[in-house]
There are 2 protein chains.
Amino acid sequence: MPSDIEIARAATLKPIAQVAEKLGIPDEALHNYGKHIAKLDHGFIGSLEGRPEGKLILVTAISPTPAGEGKTTTTVGLGDALNRIGQKTMICLREPSLGPCFGMKGGAAGGGKAQVVPMEQINLHFTGDFHAITSAHSLAAALIDNHVYWANELNIDVRRIFWRRVVDMNDRALRAITQSLGGVANGFPREDGFDITVASEVMAVFCLAKNLEDLEERLGRIVIAESRDRKLITLKDVKATGAMTVLLKDALQPNLVQTLEGNPALIHGGPFANIAHGCNSVIATRAGLRLADYTVTEAGFGADLGAEKFLDIKCRQAGISPSAVVIVATVRALKMHGGVNKKDLGSENIDALEKGFANLARHVTNVRNFGLPVVVAVNHFYADTDAEHARLKALCSEKLGVEAITCKHWADGGAGAEQLAHAVVRLAEGGAQPIAYAYETEAKLTDKIRAIATKLYGAADVQIESKAAQKLAAFEKEGYGNLPICMAKTQYSFSTDPALIGAPDGHVVAVRDVRLSAGAGFVVAICGEIMTMPGLPRVPAADTIRLDANGQIDGLF
Amino acid sequence: MPSDIEIARAATLKPIAQVAEKLGIPDEALHNYGKHIAKLDHGFIGSLEGRPEGKLILVTAISPTPAGEGKTTTTVGLGDALNRIGQKTMICLREPSLGPCFGMKGGAAGGGKAQVVPMEQINLHFTGDFHAITSAHSLAAALIDNHVYWANELNIDVRRIFWRRVVDMNDRALRAITQSLGGVANGFPREDGFDITVASEVMAVFCLAKNLEDLEERLGRIVIAESRDRKLITLKDVKATGAMTVLLKDALQPNLVQTLEGNPALIHGGPFANIAHGCNSVIATRAGLRLADYTVTEAGFGADLGAEKFLDIKCRQAGISPSAVVIVATVRALKMHGGVNKKDLGSENIDALEKGFANLARHVTNVRNFGLPVVVAVNHFYADTDAEHARLKALCSEKLGVEAITCKHWADGGAGAEQLAHAVVRLAEGGAQPIAYAYETEAKLTDKIRAIATKLYGAADVQIESKAAQKLAAFEKEGYGNLPICMAKTQYSFSTDPALIGAPDGHVVAVRDVRLSAGAGFVVAICGEIMTMPGLPRVPAADTIRLDANGQIDGLF
């Protein structure tokens with residue numbers, strides 16, 4: 001069986017202009033990056049304003065397990081399938097981060113015959129968007145310390161600078177540092193630390209901005225510190241936003257690539273799915289909607305985090321709404337939710353499947369509670385048995401009245417997801433649906449957190465630690481009370497305990513801390529430990545990554 | 001009078017394929033980055049091997065002053081002029097660094113009508129080469145600390161890790177840090193610091209590597225630490241080089257752009273000119289030589305640093321040699337070397353010019369001592385008087401027997417440097433000249449330093465501090481004694497005191513420290529304080545950089 005990278009390399013790619021042509025994107029709108037990648041020009045994107053919008057399809061998933069679910073793969077496969085059945089379709093995905101590739105093997109561009117290409121470029125530097133975000137973030141950091149160094153007119157309290165630094169690398173040594181050491185010429189010593197670039201608020205802002213102007217305004221709203229007299233200080237106050245926007249100007253143009261079947265895909269932006277909202281850029285999604293009849297996109301992690309944030313944050317801010325939602329599940333993963341160990345997944349186990357089905361059921365119910373039509377895509381794996389697929393479909397039909405469709409896009413490409421595509425077209429007939437948000441923005445911040453926890457997570461209650469409660473009260477006092485909530489909790493469970501798989505009930509969601517992301521436009525509620533700078537494993541993938549004798553990359557995937 | 005940026009924006013750029021065609025570069029060899037930038041494919045570069053090589057012309061300068069000399073401008077102007085008089089010519093320049101643009105206003109892509117374009121992209125992210133170098137450097141840093149974190153099989157002494165971190169930003173707060181704080185999960189606390197990316201040894205290696213294979217080998221030779229038992233540890237020992245090479249693969253392809261007159265220019269690599277050798281990549285220079293009849297290139301700072309390193313390090317390593325050398329001088333700068341203040345440069349001052357001429361004279365003599373034919377390009381400024389130009393030419397002719405030619409490429413483009421171009425063609429008739437290096441590689445390291453200081457700087461002696469002397473002895477013992485020397489001293493004087501302008505004699509060059517750059521293949525001799533991480537000024541350029549209403553960048557230049 002060929003590997004993902006072997007399949008990707010064996011493919012003959014079309015010139016990107018030919019891919020663009022499928023959706024009527026003219027040559028002049030393309031800024032080429034090599035032969036198979038192009039950015040869509042700002043002017044062209046602007047010219048789409050006012051066009052009627054096609055239908056938005058969200059692909060989300062059950063709670064992730066080590067078995068793998070294949071959300072990106074399904075997004076790509078469904079996009080190819082829709083194109084196959086004659087629907088002009090755009091796929092919108094997040095950009096992968098470069099740093100983590102050198103830790104664990106494996107990329108993030110789909111798999112099997114449902115991939116976006118060119119895979120190596122997409123997974124490494126791509127068009128430099130993340131480098132631009134790192135540069136913009138680093139510039140802001142340098143300007144803040146430079147302000148303090150010279151005269152500190154804003155009276156910034158160096159103990160209360162919230163703006164950490166970022167690098168797109170898994171580097172645990174930088175998590176906590178002291179800086180500005182070495183004497184007078186190097187500034188005022190203080191504590192600091194680095195996060196990975198995808199955790200930067202610049203990334204979240206980049207993905208929620210409507211255009212360059214909105215980008216600059218949002219950057220200006222980012223709160224970076226407090227003064228000695230406890231006033232909030234923003235990036236606008238340190239005059240960083242004009243130069244940051246200049247650094248981000250080209251990056252903000254969405255990147256067009258193709259699937260293995262030559263269909264168009266926009267890959268743009270990639271914020272963390274815990275401390276941020278985990279979706280590709282609004283600019284790319286909007287461009288898709290205006291260019292295609294169908295735009296298929298995904299959201300990070302399971303539906304409790306990904307779909308909830310997609311709807312309550314991204315759709316609400318951007319004024320868009322899906323026509324249908326696909327929830328990806330696998331027999332393997334549901335068996336894990338039913339208690340099976342990873343090593344035993346090769347054997348049929350209907351009992352475990354029935355038990356683990358509870359996880360899928362809750363996600364389906366949750367999405368329906370948002371007022372949206374749902375279909376379940378059962379992503380087929382080799383070891384799955386027909387009996388397992390039949391049982392899962394029956395459970396979906398009997399217990400939930402939802403259609404579940406076996407998909408084989410990994411093995412067969414778009415042809416393997418045609419049935420899913422037809423179901424999506426039927427389901428989306430009604431067009432964009434009004435979203436029944438999990439909470440109204442006017443509610444108190446604590447009530448919004450409680451609404452998410454009780455309505456979506458099955459929690460009995462929410463416990464907000466006193467420090468967090470004080471900060472929430474302060475945010476409301478400062479005028480940030482109407483922001484939506486961005487939950488940062490483990491993706492492995494509906495609860496805050498990753499070991500509580502399946503569909504736990506009656507648990508308490510403890511909010512340890514909260515953070516203001518005023519530029520992105522949300523308040524982050526942190527439940528448990530959230531890692532914003534990964535480390536490298538004992539034997540990192542980097543050890544064996546190299547160019548082979550033909551100049552091809554070995555060991556990356 | 002229009003500004004550089006206004007001139008650049010008013011220009012109509014040719015499609016880059018049309019520029020490439022001038023030197024017979026086929027379409028298939030181009031990886032486009034937008035419409036006006038392309039990388040030359042590795043395969044194409046490789047296919048040039050064995051082609052006869054054209055003539056190499058080095059543009060260097062007198063010791064820099066705040067008056068400005070215009071070395072890059074003259075390089076571009078001469079290239080345009082050579083093309084105008086029918087010589088197929090390639091220009092090879094260094095890539096500017098992004099970070100410093102946000103400190104002081106101004107870019108590094110020539111000026112007036114002698115510029116390379118597109119100016120904004122070249123000065124900001126360009127094709128991402130420096131981002132790739134930053135990533136590769138950062139990966140190595142993460143792998144070193146990760147090695148220590150897990151089991152430290154190499155027994156790395158955390159007090160003796162020489163590999164600092166880098167960022168392409170002027171950020172004094174990061175010059176000296178302590179890292180790996182915060183407990184067991186974050187590693188072993190140690191001192192560290194950041195340099196700006198151009199100071200990375202990866203950058204020097206990138207610019208001296210012959211090809212990808214040589215790049216990986218050189219990276220492997222970089223010494224990054226000592227073990228507890230004082231053994232040298234390399235990047236190869238921490239298995240970093242394969243993955244770093246993968247990160248640098250695309251970046252190592254030289255970038256083709258055009259001059260305002262539509263002539264080809266390769267802009268590739270940009271190492272520091274103090275702790276490194278300050279020249280564009282060997283790959284670009286070699287490609288130029290194989291594609292064009294003339295390749296015009298520049299070296300950093302004045303000829304004492306730039307030309308010396310170009311010849312003793314780059315040419316020696318690459319096995320290339322110039323056919324002629326152009327030394328750029330201005331009346332203004334020579335008057336400053338003669339003691340005039342910057343504010344008084346507007347008035348004619350023959351006396352000061354005659355006095356300051358000593359600086360030019362020594363540079364001319366130095367280059368001739370390398371066995372190379374020389375012409376002086378007097379870069380014309382508006383306030384210069386005819387009498388000053390006439391006197392300078394007479395001095396050159398009478399005292400040195402060297403031709404000096406007034407050039408007006410800044411105002412007139414290539415047409416303004418035609419006379420210089422003809423002189424260069426005459427001078428280069430003999431083809432590549434054998435270089436009389438300042439020292440032989442077999443000499444002792446201290447003797448090489450002494451040779452440079454006494455032969456080129458006019459120093460009476462060299463004083464090597466005891467710590468530095470011990471390190472030099474250790475380098476020789478470890479087998480690095482045959483490496484050339486890379487002098488890191490002030491560019492403003494032949495001496496190590498920036499205030500000693502003109503042509504000081506009898507001074508003592510004090511070597512404070514030495515560093516091994518085993519991958520680049522030189523030993524750095526540090527004289528005085530060398531800043532490897534600049535800071536931002538009180539009012540940084542970033543404060544006023546922004547996009548204007550037309551989406552154009554304001555405040556950058």
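Both backbone and side-chain heavy atoms feed into the values below; hydrogens, waters and symmetry mates do not. All chains are named by letter (A, B, ...) in the order of the sequence lines, taking the proteins before the strands, and each is independently numbered beginning at 1.
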So what's closer than 4.5 Å to chain B heavy atoms on [X]: side chain, backbone, both or neither?
X: Asp168(A); answer: neither
X: Ala185(A); answer: both
X: Asn170(A); answer: backbone
X: Leu143(A); answer: both
X: Phe102(A); answer: side chain
X: Arg165(A); answer: side chain

Chain A contact via [X] - which portion, at a heavy-atom distance below 4.5 Å:
X: Pro189(B); value: neither
X: Glu28(B); value: backbone
X: Leu536(B); value: both
X: Lys39(B); value: neither

- Is the number of heavy atoms from other residues, nucleotides or ligands under 6.0 Å of Glu217(B) CD greater than 12? yes
- Inspect the surroundings of CD in Glu49(A) and state if more than 12 heavy atoms from other residues, nucleotides or ligands are less than 6.0 Å away. no
Which value, rounded to the nearest 0.5 Å, describes the distance between [X] atom [atom1] and [Y] atom [atom2]?
X: Ile37(B); Y: Asn32(A); atom1: CD1; atom2: CG; value: 12.5 Å
X: Lys35(B); Y: Leu30(A); atom1: NZ; atom2: CG; value: 7.0 Å
X: Ile545(A); Y: Leu247(B); atom1: CD1; atom2: CG; value: 8.0 Å
X: Met169(B); Y: Leu139(A); atom1: CE; atom2: CG; value: 4.5 Å

Pick from [options]: which one has the most heavy-atom pairs with chain B under 4.5 Å?
options: Ala141(A), Gly128(A), Gly183(A), Gly242(A); result: Gly242(A)
options: Leu124(A), Asp543(A), Leu98(A); result: Asp543(A)
options: Gln121(A), His147(A), Lys249(A); result: Lys249(A)
options: Gly43(A), Gly182(A), Ala251(A), Ala132(A); result: Ala132(A)
options: Thr178(A), Asp145(A), Ile177(A); result: Thr178(A)
options: Gly99(A), Ala541(A), Ala142(A); result: Ala142(A)

- Could you name each residue pair satisfying ring pair (Phe, Tyr, Trp, His ring centres under 6.0 Å) that touches residues 164-197 of chain B, not counting sequence neighbours? Phe194(A)-Phe194(B)
Is there a side-chain contact between [X] and [Y] in this structure, where contact means two heavy atoms from C-beta onward sitting under 4.5 Å apart?
X: Arg172(A); Y: Asn146(B); answer: yes
X: Ser138(A); Y: Asp171(B); answer: no
X: Val167(B); Y: Thr134(A); answer: no

- Could you walk me through whether Glu213(B) and Leu547(A) pass side chain to side chain contact (heavy atoms under 4.5 Å, CB included), step by step? CA-CA 9 Å; Glu213(B) 207 183 342; Leu547(A) 292 180; over 6 Å; no
- Message: For chain A, which candidate among Met533(B), Glu120(B), His125(B) shows the most heavy-atom pairs at distances under 4.5 Å?
- Response: His125(B)
- Message: Heavy-atom pairs under 4.5 Å with chain A - which of His42(B), Arg190(B), Met244(B), Arg175(B) has more of them than the others?
- Response: Arg175(B)
- Looking only at non-hydrogen atoms, find the nearest pair between His131(A) and Ser135(B) and report the distance. CE1-OG, 3.1 Å
